[in-house]
Amino acid sequence: MFSAPIQENDLIVFGGGGHGRALIEVIRAMGIYRVVGVVDDHLLPSSVVLDVPVLGPASILPQIYTAGVHLAVNGVGGIGNPHSRWDVFMQLEQQGFHFPVIIHPSACIEPSAQLADGVQIFQFAYVGTEAMIGKGTVINIHAVVPHDSHVGICANFSPGALLAGTVSIGDFTQVGMGATINLNLKIGKHVRIGNNATVKADVPEGTVVRAGTIWPLSGSPRTENSIKGE
């Protein structure tokens with residue numbers, strides 16, 4: 001299955017799309033891990049992704065683990081459907097894989113910050129003093145998560161997202177490009193904050209803040225439940 005002997009820091013990337021390819025570049029920049037294969041249900045096993053061989057679909061995971069590769073990176077971005085990303089973590093975890101924290105060398109992470117398994121931090125991002133980042137969260141290029149921020153599992157901060165200090169972000173919440181969130185706010189679970197939105201008050205669970213708007217809006221909040229009825 002593998003062309004060279006397996007080493008302790010070898011890993012696979014699950015997903016060979018845009019997020020997965022970007023992660024391969026970040027992993028290579030770290031200089032700690034070696035990407036020995038990509039797993040993807042939609043790519044041919046004989047193909048390559050950035051010169052990394054595609055090993056096969058998810059059904060091949062037990063063989064990969066048995067061969068000695070025990071580290072995996074989740075390359076499914078999950079934009080619009082963060083549970084698809086979480087499902088990949090659960091699938092990999094059931095096979096016994098562990099999830100290293102991936103941090104580009106240009107990112108700045110304060111020593112007191114706590115990063116859970118599978119966190120991915122991209123170029124020029126910042127994580128502040130005593131921030132707590134939940135499992136599987138993505139902090140993308142130039143995103144800022146400052147001091148005392150508490151972020152749940154599988155959240156996603158798009159490029160240029162800006163938080164002030166002491167902000168709480170719920171599980172599976174997504175913050176769009178260039179969005180800003182003011183000091184001391186609580187953002188619920190399953191919230192979607194659009195690109196360039198400005199958040200000045202707490203946001204309830206399941207709310208969608210439209211791109212370019214200022215929250216709170218005049219009138220009733222737009223929630224996930226209301227979207228399902230559209």
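Between P82 and C154 the shortest heavy-atom distance is O-SG, 3.8 Å. In terms of heavy atoms, G152 sits closest to T137 at O-OG1, 3.0 Å. Of all heavy-atom pairs spanning A201 and L185, the tightest one is N-CD1, 3.5 Å. Taking every heavy atom of both residues into account, A179 and I193 meet most closely at CB-CG2, 3.9 Å.
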Show me the side-chain donor-acceptor pairs of residues 45-64 shorter than 3.5 Å, one per line, residues at least two apart or across chains.
unit_1 : atom_1 : unit_2 : atom_2 : d
S47    : OG     : L44    : O      : 2.6

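Between V39 and V13 the shortest side-chain heavy-atom distance does not fall below 4.5 Å. With a 4.5 Å cut-off on side-chain heavy atoms, N182 and V199 do not count as touching. When side chains are defined from C-beta on, I181 counts as touching V175, because their heavy atoms get closer than 4.5 Å. In this structure, M30 and I102 have side chains that are in contact, with non-hydrogen atoms separated by less than 4.5 Å. The side-chain heavy atoms of T207 and V209, taken from C-beta on, include a pair separated by under 4.5 Å. In this structure the side chain of F172 never reaches within 4.5 angstrom of the side chain of K189, judged on heavy atoms.
Residue M1 qualifies as enclosed at atom CE: its count of foreign heavy atoms under 6.0 Å is above 12.
Here L162 sits in one hydrophobic cluster together with Y126, V144; the rule is ILVMFWY side chains under 4.5 Å apart, joined directly or through other members. The hydrophobic side chain of I79 is isolated, with no ILVMFWY side chain under 4.5 Å apart from it.
Residues passing the salt bridge (Lys or Arg N to Asp or Glu O under 4.0 Å) test with E110, sequence neighbours excluded: none. In this structure, the ring pair (Phe, Tyr, Trp, His ring centres under 6.0 Å) partners of H19, at least two apart in sequence or on a different chain, are F122. Looking at residues two or more places apart in sequence or on another chain, you find a side chain to side chain contact (heavy atoms under 4.5 Å, CB included) between V88 and F14, N74, V76, L92. For A4, the side chain to side chain contact (heavy atoms under 4.5 Å, CB included) partners at least two apart in sequence or on another chain are R34. With sequence neighbours excluded, the residues forming a side chain to side chain contact (heavy atoms under 4.5 Å, CB included) with V101 are I103, L115, V119, listed by chain and number.
Under a hydrophobic-cluster definition in which Ile, Leu, Val, Met, Phe, Trp and Tyr are linked whenever side-chain heavy atoms come within less than 4.5 Å, directly or via other members, I139 and I169 are assigned to the same cluster.
Sorted pairs that involve residues 164-177 and meet side-chain hydrogen bond (donor to acceptor under 3.5 Å, both in side chains), not counting sequence neighbours, are lacking altogether. Contacts classified as ring-ring contact (aromatic ring centres under 6.0 Å, His included) and involving residues 28-73 (residues at least two apart or in different chains) are given here: Y65-H70, Y65-F97. Pairs engaging residues 135-159 under the ring-ring contact (aromatic ring centres under 6.0 Å, His included) rule: F124-H142 [sequence neighbours left out]. Every pair passing side-chain hydrogen bond (donor to acceptor under 3.5 Å, both in side chains) that includes a residue from residues 75-99 is listed here, sequence neighbours excluded: R85-Q120, E93-K135.
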